[in-house]
Amino acid sequence: MSNDAPRDTRIPVIRELTHADMETLHQLEKQIFPDPWPKESFDEIFNNPDWRALIAEVNAEIVGYACILVSAGEMHLANIAVVEAWRRKSVARRLLERILELAIAEKCAMILLEVRVSNSGARAFYERNGFKELYTRKRYYRKPVEDALVMVRYLA
Ligand SMILES: CC(C)(COP(=O)(O)OP(=O)(O)OC[C@H]1O[C@@H](n2cnc3c(N)ncnc32)[C@H](O)[C@@H]1OP(=O)(O)O)[C@@H](O)C(=O)NCCC(=O)NCCS
């Protein structure tokens, strides 16, 4: 392909969270989740070097994000979300690709996550991307109260 070919600007760019994203992120979190993270939880990302957050952006619009924590050689995928209009367009897959790169760079043995047992879409996404069910954590979530499924993807 020629270098002069127009770039597909609708492919999301994955980048690190900045302070300028915080208000939008908070609004999206409230739109997407029934029990959104409070603002202070996102602030923690800037205060604790073990936390990272990635933003998926298309033409300066945030279309998805993910928050990860590296601890004791394991990566915890704490949060991943894509705005409704951008779902099933591989935005989360691209975020996960970057997360995998970071996990490998950090020499993590595995990526762990929790997901609501009723969240069939997210469970299908994780299964499609190599995560396996480990066990159930009873009444892990609030608003509404629900069990969490703990899932893992081991890294070679
Ligand atoms: C789960 C979520 C992050 C997936 O994001 P996404 O960008 O739509 O996912 P992708 O387009 O990268 O999906 C990749 C593959 O995962 C699977 N998948 C994703 N969403 C799915 C769904 N709702 N139902 C079934 N399979 C799904 C499919 O195999 C899909 O490939 P395909 O579209 O070619 O069939 C998104 O639905 C979301 O934000 N949900 C609300 C927030 C949430 O529940 N987050 C998870 C908290 S644990």
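Every number for a ligand or one of its atoms is a count from 1 in the order of the listing. Atoms considered below: every heavy atom in the structure, side chains included; atoms not considered: hydrogens, waters and symmetry mates.
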TODO: Output yes when Arg142 and Asp35 qualify as a salt bridge under the 4.0 Å nitrogen-oxygen rule, no when they do not.
DONE: no
Open item on the list: Please determine whether a side-chain nitrogen of the Lys or Arg among Glu97 and Arg94 lies less than 4.0 Å from a carboxylate oxygen of the Asp or Glu.
Closed with: no
Contact check: [X] vs ligand 1, nitrogen or oxygen atoms, below 3.5 angstrom:
| X | result |
| --- | --- |
| Arg88 | yes |
| Phe33 | no |
| Ser90 | yes |
| Arg128 | yes |
| Lys89 | yes |
| Ala122 | no |
| Asn119 | yes |
| Ala92 | yes |

So which heavy atom in the protein is nearest [atom], and how far is it from that ligand atom?
| atom | answer |
| --- | --- |
| atom 23 (N) of ligand 1 | Gly121 CA, 3.3 Å |
| atom 39 (O) of ligand 1 | Val82 N, 2.8 Å |
| atom 45 (N) of ligand 1 | Ile80 O, 2.8 Å |
| atom 41 (C) of ligand 1 | Arg87 NH2, 3.5 Å |
| atom 26 (N) of ligand 1 | Ala124 CB, 3.3 Å |

Polar side chain donor-acceptor pair, [X] to [Y], under 3.5 angstrom:
| X | Y | answer |
| --- | --- | --- |
| Glu146 | Tyr140 | no |
| Gln27 | Glu23 | yes |
| Glu29 | Asn79 | yes |
| Thr18 | Asp21 | yes |

Closer than 4.0 Å to some heavy atom of [X] - which atoms of ligand 1 meet that?
| X | value |
| --- | --- |
| Ile32 | 41 (C), 42 (C) |
| Glu114 | 48 (S) |
| Ala81 | 39 (O) |

Task: Over 12 non-hydrogen atoms of neighbours within 6.0 angstrom of OH in Tyr154 - done: no
Open item on the list: Side chains of Arg116 and Arg123, heavy atoms from C-beta outward: is any pair under 4.5 Å?
Closed with: no
Task: For the student: nearest non-hydrogen atoms of Ala56 and Ile14, plus distance - done: CB-CD1, 3.7 Å
TODO: Might you point out which heavy atoms bring Met75 and Ile68 nearest each other, and give the distance in Å?
DONE: CE-CD1, 3.8 Å
- [ ] For the pair Tyr65 and Phe42, name the ring-plane relationship: parallel under 30°, tilted 30 to 60°, perpendicular over 60°.
- [x] perpendicular
Task: Nearest neighbour of atom 47 (C) of ligand 1 from the list Tyr126, Trp86, Phe125, on a heavy-atom basis - done: Tyr126
Open item on the list: For atom 12 (O) of ligand 1, which of the options Arg94, Met151, Arg93, Glu97 provides the nearest non-hydrogen atom?
Closed with: Arg93
